[in-house]
Participant: 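For reference, the structure I am asking about is given below.
From a predicted model like this one, the values you see are computed outputs, not experimental measurements.
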Amino acid sequence: MATVVCDYRFLLLLAALAFIYIQMRLFGMQSEYADRLAAAVESESHCTSQMRLLIDQISMQQGRIVVLEEESKRRELECGQLKALVEELERKGLQRLTDKVQVPVAAVVIMACNRADYLERTIKSVLKYQSSVASKYPLFVSQDGSNPDVKSKALSYDQLTYMQHLDYKPVQTERPGELIAYYKIASHYKWALDELFYKHKFNRVIILEDDMEIAPDFFDYFEATAALLEKDKSIMAVSSWNDNGQKQFVHDPYALYRSDFFPGLGWMLARSTWDELSPKWPKAYWDDWLRLKDNRKGRQFIRPEICRTYNFGEHGSSLGQFFKQYLEPIKMNDVQIDWKSMDLSYLMEDKFTKHFADTVKKAKPIQGTDVVLKAYNIDGDVRIEYKDQFAFERIARQFGIFEEWKDGVPRAAYKGIVVFRYQTSRRVFLIGPDSLKQLGIEGA
C-alpha cells in the first residue's frame, strides 16, 4: 500500500514538473509574441507616419504643379500678347528698320563735271523720291575733273557718296575736229561703272546725268523692271527714256515697249552685261557705240511710252543739239503707278513679239503722200510702211518725230517699227520693209 502511494506522489510530481515546464514555455512564447506584436505595432506606426509624410509631400507637389500650370498659362498669355504687339509694331513700320540690311535694287549714280547749278537741281529732284527708298537705291555723285563748285555742292549732301575721277593724261582724238569732251565722258563712264560694279560690288547701276529730273514712279519702275533684267538675258538694259516722248506723241503712262535702239538718258545696267562691255569700252561716243549691232548682239532695251526722266540740259557737251525740237517738249510722267502690282511678263522675249504683232495687225494700213492727214482723220491705230531709210526720214519729218538712224536702226524702233501717238490716243506704226515678216504677220 505504501508503495502505491509513493508511486502516485511520484507521478503527481512528474505531472507538476511537466505542468510547470509547459507553463514556463507558454510564458516564454507569450513574451516572445508580445515582443513581436510590439515590434509590429511600432513598425505599423512608423509606416503610418511615413505614409502621412508622403501624402503631405504629394499634396505639396500637387500644389506646386497647380502653381506651375497657372504660371505656364500666364506666360502663354503674355507670349500671345507680345506676339500681337510685335505684329502691330511691324504693321506700323518697325519692319523698315530691317531695310538697312537688304540687298539694294541698284546704285544710282549722277554723272557730273562742271555744272554745279545743274547738279543741284538734279540732286534735289532725285532726293525728293529717293529718300524714302534710300536703302534700296544708294546714291552716288561721280565728278569728272576738279571743278571746285561741283565738288563743294556734292559734298554738301549727307545723303550721297561722292566719287571723283581725275585723269590728267592728254586726250588724243582719232579724227580731226572731234570734241575732246566726248573722250573724257567715255573715260569717266568706264571708271565710274568699274568703281560701282567691282569696288562697291553692286548688281545693278542706274545712270543719270547732271541735267535730269525724275518722275514720281521712277524708282518703282526700275524695281519692277529689275526682275525682267534678271530673268531675260535678251534685255541689255532698261531705260526711262523715249526719244519720241514729246507731249504730242504720248498718251498711256502704263505702256512699255522693247526697242532695238539704246535710248540712254536714265538707264539701268546689270553687272553681268558690264562684265562684257568694260574690257572693250570705247574711247569716245559710248552711247552710239552701244547702238552698234556688234555690241548689241540681238539684245534689246525696255523703254516707256512716257518718259520717267526729263532732260533740262540746254547747255552742255552736245552744245544744245536737238534741245528745242526734241528735248524741251518731252513729257515726263506725273502719275504715281504701282508697278510692283503689275504683270510685266508680256515684255519677256518669248511673249512680246506676239503681243506687239497682235497690236500691229489690228492697225489700219494707209499709204500715199498725205499720210499725216489720213492718220488724223481715222479713228483708231494706223500703220504706214516705208521701203528704206530715205522714205522713213520723209515720213518722220512730216509727223515731227526723230528721223535719226544708227547702224540701220531708227530711234525707238523694234524690228524696224517705230510707234508713237498722234494728237490723240491713236497709235501710228511706221513699218519697215521686212518688219511684218519678222513679227510673223503674213498677208496683212
Side-chain angles (χ1 to χ4, degrees), residues 241-253 255-263 265 288 291 293 300-301 303-307 311 318 320-331 352-444:
W241 185 261
N242 173 16
D243 284 306
N244 294 316
Q246 295 76 24
K247 295 178 178 66
Q248 65 272 30
F249 300 131
V250 296
H251 175 78
D252 185 0
L256 304 179
Y257 296 90
R258 291 177 76 108
S259 174
D260 296 305
F261 193 97
F262 171 62
L265 294 176
D288 285 342
R291 292 165 183 147
K293 292 176 183 176
Q300 291 152 345
F301 307 91
R303 69 160 182 88
E305 177 173 314
I306 298 180
C307 293
N311 189 302
S318 63
Q321 185 183 23
F322 304 132
F323 183 80
K324 288 293 183 184
Q325 184 178 359
Y326 296 114
L327 298 181
E328 192 173 51
I330 285 287
K331 174 180 174 58
F352 186 77
T353 301
K354 183 180 184 306
H355 167 82
F356 193 67
D358 290 342
T359 306
V360 172
K361 196 185 303 183
K362 296 173 185 176
K364 184 175 182 179
I366 59 173
Q367 54 189 345
T369 56
D370 53 350
V371 289
V372 175
L373 182 61
K374 290 178 179 177
Y376 183 77
N377 289 323
I378 292 175
D379 290 330
D381 298 343
V382 299
R383 65 179 197 245
I384 305 165
E385 294 190 33
Y386 62 89
K387 62 180 181 179
D388 53 29
Q389 182 174 346
F390 176 79
F392 174 85
E393 291 172 350
R394 177 178 53 80
I395 298 169
R397 197 175 304 120
Q398 292 178 38
F399 281 100
I401 65 168
F402 252 110
E403 305 170 28
E404 187 182 22
W405 285 42
K406 293 291 181 182
D407 202 16
V409 180
R411 279 188 181 267
Y414 172 72
K415 297 189 182 299
I417 300 175
V418 175
V419 55
F420 57 95
R421 310 277 177 171
Y422 186 63
Q423 305 296 342
T424 64
S425 61
R426 78 168 62 82
R427 282 170 292 196
V428 176
F429 298 91
L430 302 188
I431 299 178
D434 64 342
S435 296
L436 296 180
K437 183 178 179 181
Q438 290 186 60
L439 291 177
I441 301 175
E442 299 293 341

Participant: Apply side-chain contact (heavy atoms from CB on, under 4.5 Å) to K437 and list each qualifying residue two or more places apart in sequence or on a separate chain.
Facilitator: E442

Participant: Testing H251, R421, K331 one by one against E305 for a side-chain hydrogen bond (donor to acceptor under 3.5 Å, both in side chains), which residue passes?
Facilitator: R421

Participant: Determine the minimum heavy-atom distance between D243 and F402, stating which atoms define it.
Facilitator: O-CD1, 3.4 Å

Participant: How about K374 and I384: do any of their side-chain heavy atoms sit closer than 4.5 Å?
Facilitator: no

Participant: If the condition is side-chain hydrogen bond (donor to acceptor under 3.5 Å, both in side chains), which residues does D288 pass it with, not counting sequence neighbours?
Facilitator: R291, K406

Participant: Work out which heavy atom in Q300 is nearest to a heavy atom in R258; give both atom names and the distance.
Facilitator: OE1-NE, 2.8 Å

Participant: Roughly how far, to the nearest 0.5 Å, is NZ of K354 from CD1 of I441?
Facilitator: 10.5 Å

Participant: Measure across G245 and C307 and return the closest heavy-atom pair with its distance rounded to 0.1 Å.
Facilitator: CA-SG, 4.4 Å

Participant: Is a side-chain donor or acceptor of T359 paired with a backbone partner of H355 at a separation under 3.5 angstrom?
Facilitator: yes

Participant: So among R427, K364, R426, K362, which one has a salt bridge (Lys or Arg N to Asp or Glu O under 4.0 Å) with D381?
Facilitator: R427

Participant: What are the two closest heavy atoms between P410 and V418, and how far apart are they?
Facilitator: CB-CG2, 3.8 Å

Participant: Tell me, do P433 and Y386 make a side-chain contact under 4.5 Å, heavy atoms counted?
Facilitator: yes

Participant: If I compare all heavy atoms of S435 with all of G432, which pair ends up nearest, and what's the gap?
Facilitator: OG-N, 3.0 Å

Participant: What distance do I401 atom CD1 and F420 atom CZ have between them, rounded to the nearest 0.5 Å?
Facilitator: 4.5 Å

Participant: Please collect all salt bridge (charged side-chain N to carboxylate O under 4.0 Å, His left out) contacts where either partner lies in residues 386-398, sequence neighbours excluded, each pair once.
Facilitator: R397-E403

Participant: Any side-chain heavy atom of I417 sitting closer than 4.5 Å to one from R383?
Facilitator: no

Participant: Using 0.5 Å steps for rounding, measure from the CD atom of Q248 to the OG1 atom of T424.
Facilitator: 12.5 Å

Participant: Under a 4.5 Å cut-off applied to non-hydrogen side-chain atoms, are T353 and L439 in contact?
Facilitator: yes

Participant: Which residue is it: F301, Y257, F429, F356? I am looking for the one with a ring pair (Phe, Tyr, Trp, His ring centres under 6.0 Å) to Y414.
Facilitator: F356

Participant: Nearest 0.5 Å please: distance from the CH2 atom of W241 over to the CZ atom of F262.
Facilitator: 12.5 Å

Participant: Would you indicate whether the side-chain heavy atoms of F399 and I395 approach each other to under 4.5 Å?
Facilitator: yes

Participant: Taking D260 for its side chain and K415 for its backbone only, find out whether a donor-acceptor pair lies under 3.5 Å.
Facilitator: yes

Participant: Is the backbone of E404 close enough, under 3.5 Å, to the side chain of R411 for a donor and an acceptor to pair up by distance?
Facilitator: no

Participant: Give a yes or no on whether the backbone of A412 and the side-chain of N242 come within a donor-acceptor separation of less than 3.5 Å.
Facilitator: no

Participant: Does any N or O in the side chain of N311 come within less than 3.5 Å of the main-chain N or O of L327, such that one atom is a donor and the other an acceptor?
Facilitator: no

